[in-house]
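This is a predicted model, so every value here is computed, not measured.
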Amino acid sequence: MATPRKTLLAVVIADLLIGVSAHAQTTTKPADADAGPTVVVSGIRASLSSSLNTKRLQDGVVDAVSAEDAGKFPDTNIAESLQRVTGVQIQRNGGEGRYISVRGLGPEFNNVLVNGRTLTSDTGGREFSFDLLSSDLISKALVYKTSQPFLPEGGIGSTVDIQTARPLSGKTGHSTVINASGSYDNNSEKKTPNISGMYSFANEERNFGVTASLSYTDRASKQNKAITDAWNYRDVSVINGDLNSKGLTMADVTNKKLYIPQSYGFQQEDEKRKRLVGNLTVQYNPSSTWKLTADALYSHLDQRNDIIAVSDWINPQVLGAQINGSNQITGLLRPGSTFYANNPALAGNGKLLGEANSNDMIVKGGDRKSITSAFGLNSKWALAPEWKLEGDVNTSRTNSGSPDMWVVAGMVPKNGDVLTFNGTPSIVFGDGIADPTAVRAHAVSNGDVQRTDKISEGRMSLAWSHEMGYFKGLDTGLSYSQREVKRTSWSSDSWNTYSGYHIGLPSSLFTVTPLENFLGGGAQVPSAYLRFDPYAYMNYLNQRSTLAQSNDPARYLDTSLFPDGPMAIDYTKPSMSGVKEKVSSIFLDSKWEGEGWSANAGVRVVHVQSTSVGTSRVLQTAVKSPNDTTYILTYGPMNTNTVSNSYNSVLPSANLKFDLTSDMMLRLAASKTETRPTLSQMGVDNSYGGRYGDVQTGGGNPYLKPMKSNNLDLSWEWYLSKTNYVSAAVFQKNVRDFLETRLVDTTLPQYPGEVVHDTRIRNGQKGKIKGVELAGQYAFDESVSWLKGFGVAANYTYVDATASREVDSGTPNCGYPGLSPQSYNGSVFYENSKFQARVSYNWRNHFSIDCGGGSTQPRNRSAYGQTDASLRYNITPTLSLYLDAINLTNSRTREYALNESQFLTLEDVGRRVNLGLRAAF
């Protein structure tokens, strides 16, 4: 029976959490309010209770999300469940959760494990793609927010351990779960099937068990976007006049340093995503003191993206520019060829018109294919009552590939365009953009990229439990891992073959396609645009008769240089880069306990050795293109470069827990953590680009050091029942050696007379991250009779961060990528023996995606909130009907540069609905 103190608190929590949910616009009506007096502790409550029990028993600050039952994780995506954990935010890919940020630190700062082991990914770095796994296979996900010596190093933000189902942890005998559903995406207006199944067996003696699961997901979606590629702070030539002006001279031109958009246009992405995930776990206990567990995991993701954009390219020569007090262009007239014909004194070598304005159709490579496999074996021995030994070995491998394609065809407009950049930009095209007879050839980038990520790990730990006053024992262990990430790319030498829009194209290559006005309201969106098959386009450009009109016919018709033509990918000359990392570590952890308190304190010592290898063609010459402001690059033979690096780290940590009362506790923690640089950032590769007067180079940096943080945590937790609790936490992280994109000016002999802007990832940033977390959940089972069956859950996180960077000229101080100052989520649920309903709202503040570099400004994402809902109806004890609705209010993602007025992207992913049946027997 509830005490008066807890009953009063229940009312306070109800008012608070319902208020949060109301603010989030996630209201729901009582469902089946008269369904009966019994409130079952299963389903949603079972998940909340299991998660809360996990949290309470941990030594440090840990949160968890648990499956409601076998094959019944709370959400269709693991990341989308984790966002309900206090301080966890997600980044989506095509409307589906892919990456997580924890306490303001982005994906690369969160160490993600599967059953305590590192799983390779298809990102080329350390950030983990949660959309590679199916939520149907998962039983629990733990988020360790404070460090402990036994945890693998690498997570300044957190360590997340995703746990698959274990047969000997469930009921004995045979059990099977089958989920079958259909998905509907309202943007693509397509229906697709999904099916998953899980079989489990455990014998009566509970010494042998098998769990096997298989999940197939098929999704067809469509994303509509309005896009500005970038904002730059650069020298701009402002022509003082209008589109009807005639006879202007250079005296009518003013040169200013301005913030200017690079382009504006629209993009459509038709995506087909198929995913097959399988998992097998076998457990065998040869004796009561010896337990063996073997795991196998397989994931196959095939994502096909048909991406085409229409873009209004903006040269740094603009007409009638509107400029605000911050030297930012808010509107402009983009002149066409008629204007320049009427003003010939503006043209000529060294003057304004080095390059024509254009309206471009761009096909982009967006496919994503990856295959991941993992195998592991774990053995636990109870050597004696006080001694326990555990050994674990595992291996994982991911092979992934994607096309590196950027194929451009364009028009040189006769009439000028009118652009306004105020909120969502508007554009009025002076010429039609759906005329297939007006298209000209331009730049083509055609390549292929393959990645391999493989890891082998082994660890052994020994635990000694021994009471000696306050001392309760020691844990110690050692581990070794070897990880290698490789990237192999092949390319064509096609970028400058036709750049400059100087030859026409047959209209048969292009198809007039309607463009829906997804922006709504009075926004200007063209009624139609042109689509084209990039391979048919490149085949036409690769003909000898067409190559005779290229920028350098003698070069591009030379079959000794281009036996299959310059459009073809040259698979005989791969560019390869890779990083091999060997990590050895040892830890020692001591256990302490007294009346009303417990603690652990220890240290982890790490040695890291890395080797970066790259094979690529050497740049020999850079010659200015005759029809464009780019360079024609000539490469020589392949060259291999190898760089080694090594360092040691000592990472102490301590956690202290006080039982203030029987249901209230206080936790204190202090630790030193580190995150090693993303492996893909440590390559020895170099890239070359840019234009006359703005040569840009970049590449990897094999000398990067780990990013480090000193951490302090304080957490208060009040457990009101097996399901209900409130908590508050404060934390502080003092960070240093954080990575930043920094520009360094240099010179290269291939670009005589040019200043080369080299932009790479470099160590340098330091600062402080501090924050507050508030959380609570309450099921109104006994405290408020008229709310029986209802429950609420909510949390709020505030993060304040300061950063000090080695700032190069023109690069702003943008803080930490992935950090949102505020985030919260709230859920309202109802549950009885027949029916479940839940409405959830998740919101996060703006955050930085990329800090930019050189003249390019940062990329930030605006605040975003999303409402999801789920319904479950138990037709029989073994058969249930469910409905999941994602993004109910059709929220859209916005991105901007330095401020909200510097528009970058508006993305519309639409709503998604899953309707299905679940059978358990």
> Please enumerate all residues that pass side-chain hydrogen bond (donor to acceptor under 3.5 Å, both in side chains) together with Glu127, with sequence neighbours excluded.
none
> Suppose we screen for side-chain contact (heavy atoms from CB on, under 4.5 Å). Which residues come up paired with His846, at least two apart in sequence or across chains?
Pro821, Tyr896
> Do any N or O atoms from the side chain of His442 and from the backbone of Ala409 form a donor-acceptor pair under 3.5 angstrom?
no
> Between Tyr99 and Glu108, is there a side-chain donor-acceptor contact under 3.5 Å, judged purely by atom types and distance?
no
> Roughly how far, to the nearest 0.5 Å, is CZ of Phe266 from OG of Ser311?
10.0 Å
> Counting distance only, does the side-chain N/O of Thr164 pair as donor-acceptor with the main-chain N or O of Ile138 below 3.5 Å?
no
> Check whether Asp270 reaches the backbone of Ile307 with its side chain - one donor and one acceptor, N or O, closer than 3.5 Å.
no
> Sequence neighbours excluded, which residues qualify as salt bridge (charged side-chain N to carboxylate O under 4.0 Å, His left out) partners of Arg762?
Asp758
> Kindly indicate, with the supporting measurements, whether the criterion ring pair (Phe, Tyr, Trp, His ring centres under 6.0 Å) is fulfilled by Tyr537 and Tyr535.
CA-CA 5 Å; Tyr537 174 57; Tyr535 297 102; over 10 Å; no
> Under 3.5 Å, is there a donor on one side chain and an acceptor on the other for Asn914 and Ser183?
yes
> Among all residues two or more places apart in sequence or in another chain, which pass the side-chain contact (heavy atoms from CB on, under 4.5 Å) test with Thr546?
Tyr498, Ile503, Tyr540, Leu541, Gln543
> Would Lys191 and Asp185 count as a salt bridge (Lys or Arg N to Asp or Glu O under 4.0 Å) here? Give the steps.
CA-CA 7 Å; Lys191 306 177 185 70; Asp185 183 278; over 6 Å; no
> Just to verify, what does Arg911 make a salt bridge (charged side-chain N to carboxylate O under 4.0 Å, His left out) with, not counting sequence neighbours?
none
> Could you pull out all residues at least two apart from Asp404 that satisfy side-chain hydrogen bond (donor to acceptor under 3.5 Å, both in side chains)?
none
> Report the residues that fulfil side-chain hydrogen bond (donor to acceptor under 3.5 Å, both in side chains) with Ser820, sequence neighbours left out, ordered by chain and then residue number.
Arg844
> Quick one, Pro566 and Leu547 - any side-chain contact, counting heavy atoms below 4.5 Å?
yes
> Side chains of Asp448 and Ser489 only: does a donor on one sit below 3.5 Å from an acceptor on the other?
no
> Ion pair present between Glu80 and Arg98, side-chain N to carboxylate O less than 4.0 angstrom?
no
> Could you tell me whether the side chain of Asn551 and the main chain of Asn496 form a donor-acceptor pair under 3.5 Å?
yes
> Glu581 pairs by salt bridge (Lys or Arg N to Asp or Glu O under 4.0 Å) with which of Arg483, Arg676, Lys454?
Arg676
> Ignoring hydrogens and angles, state whether a donor on the side chain of Asp453 or Thr398 is under 3.5 Å from an acceptor on the partner side chain.
no
> Classify the side-chain pair Ser196/Ser215 by whether it contains a donor and acceptor separated by less than 3.5 Å.
no
> Between Trp495 and Ile632, does a side-chain contact (heavy atoms from CB on, under 4.5 Å) hold up when you go through it step by step?
CA-CA 8 Å; Trp495 183 254; Ile632 297 175; over 6 Å; no
> Have Thr118 and Glu457 got a donor and an acceptor in their side chains that come within less than 3.5 Å?
yes
> So does Glu907 pair up with Arg892, basic N to acidic O under 4.0 Å?
no
> Any Lys/Arg nitrogen of Glu96 or Arg273 sitting under 4.0 Å from an Asp/Glu carboxylate oxygen of the other?
yes
> Assess the residue pair Asp908 and Asn890 against the criterion (side-chain contact (heavy atoms from CB on, under 4.5 Å)); give the C-alpha distance rounded to whole Å, side-chain angles, the decisive distance to 0.1 Å, and a yes or no.
CA-CA 8 Å; Asp908 168 38; Asn890 196 27; 3.4 Å; yes
> Is a side-chain donor or acceptor of Arg859 paired with a backbone partner of Ser848 at a separation under 3.5 angstrom?
no
> Measure from the side-chain N and O atoms of Asn224 to the backbone N and O of Phe518, and report whether any donor-acceptor pair falls under 3.5 Å.
no
> Here's a test for you: under side chain to side chain contact (heavy atoms under 4.5 Å, CB included), which of Asp302, Asn93, Asn305 qualifies with Arg368?
Asn93
> Taking C-beta and beyond as the side chain, do Thr159 and Asp161 meet within less than 4.5 Å on heavy atoms?
no
> Testing the 3.5 Å rule here: is there a donor-acceptor pair between the side chains of Ser400 and Asp122?
no
> Name all residues meeting the salt bridge (charged side-chain N to carboxylate O under 4.0 Å, His left out) criterion together with Lys580; count only those two or more places apart in sequence or in a different chain, and write none if there are none.
none
> Is a side-chain donor-acceptor pair under 3.5 Å present for Ser862 with Arg894?
no
> Is the closest basic N to carboxylate O distance between Arg397 and Glu484 below 4.0 Å?
no
> Counting N and O atoms only, with roles assigned by atom type, does the side chain of Asn887 sit under 3.5 Å from a partner on the main chain of Gly910, one being a donor and the other an acceptor?
yes
> Under the rule for side-chain hydrogen bond (donor to acceptor under 3.5 Å, both in side chains), what residues qualify as partners of Asn539, not counting sequence neighbours?
none
> Would you mind reporting whether Lys190 and Lys272 have side-chain heavy atoms less than 4.5 Å apart?
yes
> Rounded at 0.5 Å granularity, tell me how far CD1 in Ile308 sits from CG in Leu530.
8.0 Å
> Just by modelled atom types, is the Lys222 backbone N or O under 3.5 Å from a matching donor or acceptor in the Asn187 side chain?
yes
> Do the side chains of Gln223 and Glu271 get nearer than 4.5 Å, heavy atoms only?
yes
> Quick one: does Leu515's side chain get under 4.5 Å of Val525's, heavy atoms only?
yes
> Contact between Asn645 and Pro702 at the side-chain level, heavy atoms closer than 4.5 Å - yes or no?
no
> Minimum heavy-atom separation for Ile78 to Ser134, with atom names?
CD1-O, 4.2 Å
> For Thr488 and Met576, indicate whether the former's side chain and the latter's backbone hold a donor-acceptor pair under 3.5 Å.
no
> Can you list the residues that meet the side-chain contact (heavy atoms from CB on, under 4.5 Å) rule with Ser81, with sequence neighbours excluded?
Val65, Phe73, Pro74, Asp75
> Is a donor from one side chain sitting under 3.5 angstrom from an acceptor on the other, for Asp360 and Tyr501?
yes
> Applying salt bridge (charged side-chain N to carboxylate O under 4.0 Å, His left out), name anything that partners Lys364, two or more places apart in sequence or on another chain.
none
> Residues in side-chain contact (heavy atoms from CB on, under 4.5 Å) with Pro193, at least two apart?
Asp218
> Do the side-chain N and O atoms of Ser494 and Asn446 include a donor-acceptor pair separated by under 3.5 angstrom?
no
> So, Glu269 and Gln267: side-chain donor and acceptor under 3.5 Å apart, yes or no?
yes
> Any donor-acceptor pair under 3.5 Å linking the side chain of Arg126 with the backbone of Pro677?
yes
> Exactly one of Thr372, Val277, Asn115, Asn394 should register a side chain to side chain contact (heavy atoms under 4.5 Å, CB included) with Leu297. Which one does?
Val277
